[in-house]
Amino acid sequence: MNLDIKSLKFDERGLIPAIVQDARTREVLTLAYMNEESLARTIETGQTWFWSRSRNELWHKGKTSGNTQTVVALHSDCDNDAIVVLVNPAGPACHTGARSCFDSTPPDEDLGLLLNKLYELIESRERERPEGSYTTYLFNSGLDKILKKVGEESAETIIAAKNEDRARVTAESADLVYHLLVLLVARGVSLDEIRAELASRRGASEAR
């Protein structure tokens, strides 16, 4: 992060636009603003800090949501009046739950958000056990039944893939994901733990 802060041209409010991009895909995640202090903290901590123009204060991206951004590189443009921040994101960049603030996909159709909502629904089924719910039936039947269903759905997904049946692969994969989420809830494993494990593996593979 060899960026000379003193060479940058901050505006009359002491701010400079920061374009945040995914370091791997170069997808633009968000446009935010930094002042000298937030930029210094970004360089010092290796995570993004910005200046909130609406709250008039510093904010650490992901402090409350966990959707932090690990900085890979910082670059200024040719006029030194804008910054590009390359990051490895640990979650959505947008407050709507979308991966990018420039993502036109409705939040309810975002896969990550849907998985989180489904996980929360399954958690509520475990707590409340409403009658007539298939999820309640699985929890009432115990861990062995849940494990058996995960095995069955895995086998059905394999068979569909073997038969090159695209529609069945999609349907069986959805069933498998659902039952896997039930298993995760039953064993007390959160999606954040899965995300962290996947992120650590990605980081290890990129370091090789």
Side-chain angles (χ1 to χ4, degrees), residues 1-120 189-208:
M1 294 184 222
N2 297 323
L3 186 68
D4 183 7
I5 297 180
K6 295 187 181 302
S7 69
L8 298 175
K9 299 175 183 176
F10 295 87
D11 66 17
E12 65 279 1
R13 297 165 297 176
L15 302 177
I16 191 169
I19 303 164
V20 182
Q21 290 182 274
D22 186 303
R24 183 175 60 85
T25 66
R26 292 302 194 269
E27 176 186 12
V28 176
L29 301 178
T30 192
L31 170 64
Y33 289 84
M34 292 183 174
N35 59 10
E36 286 195 32
E37 184 177 358
S38 63
L39 180 53
R41 290 199 187 190
T42 296
I43 294 172
E44 178 185 355
T45 65
Q47 293 191 343
T48 52
W49 285 73
F50 303 108
W51 178 259
S52 171
R53 294 175 298 167
S54 59
R55 299 192 304 270
N56 203 38
E57 64 181 13
L58 288 171
W59 62 284
H60 176 200
K61 172 62 180 172
K63 180 180 179 181
T64 56
S65 67
N67 300 325
T68 55
Q69 297 170 340
T70 300
V71 179
V72 175
L74 289 162
H75 304 288
S76 61
D77 72 342
C78 58
D79 293 323
N80 286 328
D81 58 4
I83 303 171
V84 170
V85 188
L86 299 180
V87 302
N88 285 326
C94 187
H95 71 282
T96 65
R99 172 176 169 78
S100 166
C101 291
F102 298 92
D103 188 355
S104 60
T105 302
D108 285 346
E109 295 181 14
D110 179 82
L111 178 59
L113 189 59
L114 283 174
L115 287 176
N116 278 301
K117 286 184 175 180
L118 180 56
Y119 186 95
E120 291 171 0
V189 178
S190 71
L191 290 181
D192 281 341
E193 291 175 88
I194 302 298
R195 176 194 56 75
E197 176 65 21
L198 289 172
S200 68
R201 293 185 183 188
R202 184 181 67 180
S205 66
E206 290 176 351
R208 293 195 185 107

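When reading the values below, keep in mind they use all heavy atoms of this one structure, side chains included, and skip hydrogens, waters and symmetry mates.
- Aromatic ring orientation, Trp59 versus Phe50: tilted (interplanar angle from 30° to 60°).
- Scanning both residues, Ala90 and Arg195, for their nearest heavy atoms gives O-CD, 2.9 Å.
- Note that the NZ atom of Lys61 and the OG1 atom of Thr68 stand 9.0 Å from one another [nearest 0.5 Å].
- Heavy atoms only, all atoms of each residue included: Arg55 and Ser52 are closest at N-OG, 3.0 Å.
- Distance check: Leu39 CG to Leu3 CG gives 6.0 Å after rounding to the nearest 0.5 Å.
- For the pair Pro17 and Leu31, the tightest heavy-atom approach, listed with the atom from each and the gap, is CB-CD1, 4.0 Å.
- Put simply, CG on Leu15 and OG on Ser38 are 8.0 Å apart, with the number rounded to the nearest 0.5 Å.
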Asn35/Leu58 under side chain to side chain contact (heavy atoms under 4.5 Å, CB included): CA gap, chis, key distance, verdict: CA-CA 9 Å; Asn35 59 10; Leu58 288 171; 3.8 Å; yes

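- The backbone N or O of Asp77 sits nowhere less than 3.5 Å from a side-chain atom of Asp81 that would complete a donor-acceptor pair.
- Shortest non-hydrogen contact noted between Leu8 and Ser76 is CD2-CB, 3.6 Å.
- Taking each heavy atom of Gly91 and Asn67 in turn, the nearest pair found is CA-OD1, 3.5 Å.
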Test side chain to side chain contact (heavy atoms under 4.5 Å, CB included) applied to Ile5 and Phe10, step by step: CA-CA 10 Å; Ile5 297 180; Phe10 295 87; 4.2 Å; yes

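- At least one side-chain heavy atom of Val72 sits less than 4.5 Å from a side-chain heavy atom of Asn88.
- Between atom OG1 of residue Thr42 and atom CD of residue Glu37 there is a gap of 10.5 Å, rounded to the nearest 0.5 Å.
- The minimum heavy-atom distance between Val87 and Val20, with the atom names listed, is CG2-CG1, 3.7 Å.
- Counting only residues at least two apart or on different chains, the salt bridge (Lys or Arg N to Asp or Glu O under 4.0 Å) pairs with a member in residues 7-21 are Asp11-Arg13.
- Between the Thr30 side chain and the Ala32 main chain, no donor and acceptor come within less than 3.5 Å of each other.
- Atom CH2 of Trp51 sits about 10.0 Å away from atom CZ of Arg41, to the nearest 0.5 Å.
- Here the side chains of Asp22 and Arg99 are in contact, with some heavy-atom distance below 4.5 Å.
- For the atom pair CG of Leu86 and CZ of Arg26, the computed distance is 4.5 Å after rounding to the nearest 0.5 Å.
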